Amino acid sequence: MSDSQPNDPSDSDSVHQDFVRQIVIDDNANGKWEGRVQTRFPPEPNGYLHIGHAKSICLNFGIAQEFGGQCNLRFDDTNPAKEDVEYVDSIKEDVRWLGFDWGEQEHYASDYFDQLYEWAVQLINKGKAYVDSQSLEEIRSHRGTSTEPGTESPFRDRAVEENLDLFASMKAGEFEDGAHVLRAKIDMASKHLIMRDPVMYRIRHETHHRTGDTWCLYPMYDFTHGQSDSIERVTHSICTLEFENHRPLYDWYLDALGIYHSEQTEFARLNLTYTVMSKRRLLELVEEGRVSGWDDPRMPTLSGLRRRGYTPEAIRNFCTEIGVTKFNSLTGMEVLENSLREDLNKRAERRMGVLRPLKVVIENYPDGEVEELEAVNNPGDESAGTRKVPFSKVLYIERDDFMEDPPKKFFRLSPGREVRLRYAYFITCTEVVKDEAGEVIELRCTYDPATRGGDSPDGRKVKATLHWVSAEHAYETEVRLYDHLLGREDPSDLADDEDWKDLLNPESLETLSGCQLEPSLKNAEPGSRYQFERLGYFCADAVDSQADGPVFNRSATLRDAWAKIRKQAENKPKPKGKKKKKK
Ligand code: ATP
Ligand code: MG
């Protein structure tokens, strides 16, 4: 199974007209950018990308593709304390894996540091920026509130010459961190708090992962982002809603400098149930060892989802399905899981594997005989062909598929009951073997040779079909089952005395050893994905698999157990009268 590229942009199905795309269409119709479409995806390299970033990537790269434009990859690397090349590399890998290509257009805000500095000097010269010698703490406390204006700094009216001089000394490393900052001179009474003389530059004696020790003066996000867009001649600067109140400042800097003016448009970020989506929090999980790393299969990171077994197609389809709006909301994790099921159902080959084995001895099956039975690789795709599965006298079935004392609706194996073994025979349980503690350790069964392939010539019906593995041939390995990272649906729903980490689900990982899998799975390539019949979708772990065979991660169950539980709960209060009417 290979991962394909995103849809051909000429395929009209791949063009979805959300409000951002509508803006592009309208701009093109009005000749606003001379028909040019230039977007960018601007991650800060201070962590690994998560599924929320995928939404932004699909939007920015998607629009560029659909409208014959270009999307740049731009690292927004203005905070040396938190950034690292490890993150740069992982971001590039993840964007490529998702299926997008930035060509030659790989940029770094740090490449613009000289230009930004020059622009800052220009603003000082125009009387639009000044060096403030208050501490950041003082600046913050004088900012005012939404109802009260801020207080002007005593340094606000410094002469241009003095500002230029101080700013040059800041750059030359003559001051300690925090001694001065450069601020824009806008309006301390502005109704937009962000416009109350925002900080443009701060001193940080810190080594940058690209510029080394060249700088000890670093620009703030707001003084960097819009100008970077401008330098790259971005047409549509698409960002998340929390930047809406930064827009007046974005516009102010570009206007004050009189340079090319990109247009910022905001959309709602993705929030998912049962997980966290902030790099800061994800970093905490990694640093505190609560997960095995950024690529732990429980993480909502792209590297975690990839290791879990997610395909780029599933993630892109998910992003298409959730769409793009102006309203913040919480998307159910099951929507993401369903995209994976839909994709893998079409593409993943079927295999049999027993996670919690129970031994079955077929008493009337000849000792030492092995039959190679034919099994279908994908019922939905004939071209996937068939494979041979060995059958012999001693088998494993799933422990859950047997009950000694079955309740009414349990149709699987129990004493005296006949069931079908997939692709094999009907078997009947004749005896239950227990250990001293009374635990069932083995079943004795008989098989009907006439039912080879799984059907009875006399038309006899059975109510259950079980998966199985031949004991002698099985590949024994470890399988990891995953549940939600958090135990609460809405992670923002925190009581005053609760910490978000209290919500971590202690049962998010269950490691099963001694699982018995169909022999062909021993040769599964790391990263390859299968449907284990009746159990879900599984992926050979790309990190922990050894040369002598893979371990598997469950990517998703077959059906959404959660949705089912919810549905049942919803159905309960239905009035009884309704049912009667149907009769
Ligand atoms: P986080 O809040 O998770 O730490 P961030 O916004 O600080 O993320 P950036 O590296 O600045 O991370 O993000 C790069 C781009 O991805 C930005 O344009 C940002 O708006 C977008 N983005 C980040 N999180 C989401 C999300 N949950 N949904 C959609 N877009 C997102
Ligand atoms: Mg950010």
Side-chain angles (χ1 to χ4, degrees), residues 18-20 39-64 71-79 81-84 86-92 94-95 98 100 102 107-110 209 220-222 224-226 228-229 232 234 236-247 250 262-287 294 299-305 315-316 318-331 333 335-336 485 490-492 500:
D18 49 68
F19 81 96
V20 183
T39 57
R40 83 285 171 272
F41 172 63
E44 181 178 359
N46 62 349
Y48 282 57
L49 297 182
H50 53 59
I51 180 74
H53 293 116
K55 178 175 179 179
S56 175
I57 294 168
C58 289
L59 183 61
N60 280 295
F61 280 92
I63 285 180
C71 180
N72 296 358
L73 176 62
R74 184 201 312 142
F75 291 96
D76 185 6
D77 55 351
T78 54
N79 184 355
K82 294 187 174 165
E83 297 161 4
D84 199 276
E86 176 195 347
Y87 300 135
V88 171
D89 294 341
S90 74
I91 288 169
K92 291 201 275 187
D94 288 347
V95 175
L98 258 191
F100 298 105
W102 54 92
H107 300 288
Y108 294 82
S110 54
H209 66 103
M220 302 297 288
Y221 169 87
D222 287 308
T224 310
H225 198 80
S228 303
D229 284 343
E232 295 174 21
V234 166
H236 301 85
S237 175
I238 305 163
C239 61
T240 36
L241 282 179
E242 67 272 23
F243 292 103
E244 195 162 19
N245 54 16
H246 293 237
R247 184 161 16 111
Y250 180 102
S262 318
E263 187 175 289
Q264 177 177 309
T265 301
E266 308 86 11
F267 69 100
R269 62 194 292 122
L270 170 69
N271 298 300
L272 273 182
T273 56
Y274 299 106
T275 193
V276 278
M277 203 105 74
S278 121
K279 284 184 280 189
R280 190 172 45 78
R281 288 183 170 181
L282 296 174
L283 178 64
E284 265 181 86
L285 295 179
V286 174
E287 285 185 333
W294 285 98
M299 295 278 269
T301 51
L302 294 180
S303 52
L305 292 168
I315 293 176
R316 293 198 304 261
F318 167 73
C319 291
T320 302
E321 189 178 335
I322 56 174
V324 179
T325 71
K326 272 269 184 200
F327 310 98
N328 280 316
S329 63
L330 188 61
T331 300
M333 183 62 94
V335 181
L336 178 61
L485 185 60
D490 182 355
S492 68
W500 73 271

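In this chain, residues are counted from 1 in sequence order. Note that this is a predicted model, so its numbers are computed, not measured. Both counts, for ligands and for their atoms, begin at 1 and track the order of listing.
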K.L.:
With a 4.0 Å cut-off on N to O distance, would you call R40 and E232 a salt bridge?
P.N.:
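No, this pair does not count.
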K.L.:
Minimum distance, heavy atoms only, to atom 3 (O) of ligand 1: which one of E266, R280, H50 is it?
P.N.:
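When every heavy atom of E266, R280, H50 is considered, H50 comes closest to atom 3 (O) of ligand 1.
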K.L.:
Under 3.5 Å between some N or O of ligand 1 and some N or O of R269?
P.N.:
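R269 vs ligand 1: N/O contact under 3.5 Å present.
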K.L.:
So for ligand 1, is E44 a polar contact partner (N or O within less than 3.5 Å, distance only)?
P.N.:
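So ligand 1 has an N or O lying under 3.5 Å from an N or O of E44.
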K.L.:
Give the atom numbers and elements of ligand 1 that come within less than 4.0 Å of a heavy atom of T240.
P.N.:
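Those atoms are 19 (C), 20 (O), 29 (C), 30 (N), 31 (C).
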K.L.:
Begin from the C-alpha positions of E44 and Y87 and carry the test side-chain hydrogen bond (donor to acceptor under 3.5 Å, both in side chains) through to its verdict.
P.N.:
CA-CA 9 Å; E44 181 178 359; Y87 300 135; over 6 Å; no
K.L.:
For atom 28 (N) of ligand 1, which of the options L272, L270, I57 provides the nearest non-hydrogen atom?
P.N.:
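When every heavy atom of L272, L270, I57 is considered, L270 comes closest to atom 28 (N) of ligand 1.
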K.L.:
With side chain to side chain contact (heavy atoms under 4.5 Å, CB included) as the test, would you mind laying out the steps for F61 and V95 before giving the verdict?
P.N.:
CA-CA 10 Å; F61 280 92; V95 175; 3.9 Å; yes
K.L.:
Where the closest heavy atom to atom 12 (O) of ligand 1 is concerned, which of K279, H225, M277 has it?
P.N.:
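Heavy atom nearest to atom 12 (O) of ligand 1 belongs to K279.
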K.L.:
Answer whether the closest heavy-atom distance between the side chains of L282 and P300 falls below 4.5 Å.
P.N.:
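They are in contact (side-chain heavy atoms under 4.5 Å apart), so the answer is yes.
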K.L.:
Looking only at N/O atoms, are N46 and ligand 1 under 3.5 Å apart anywhere?
P.N.:
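There is no such contact.
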K.L.:
Got L302 and H53 here, is their nearest side-chain heavy-atom distance under 4.5 Å?
P.N.:
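The answer is no, as the side chains (C-beta and beyond) never meet within the 4.5 Å cut-off.
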K.L.:
Please state which option from S56, G52, P300, C58 has its nearest heavy atom closest to atom 29 (C) of ligand 1.
P.N.:
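Looking at heavy atoms only, the winner is G52.
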K.L.:
Of all the atoms in ligand 1, which lie at a distance below 4.0 Å from a heavy atom belonging to P42?
P.N.:
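This gives 14 (C), 18 (O) as the contact atoms.
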K.L.:
I want to check something: taking the side chain as every heavy atom from C-beta on, are H225 and D76 in contact at a cut-off of under 4.5 Å?
P.N.:
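The answer is yes; the side chains approach within 4.5 Å.
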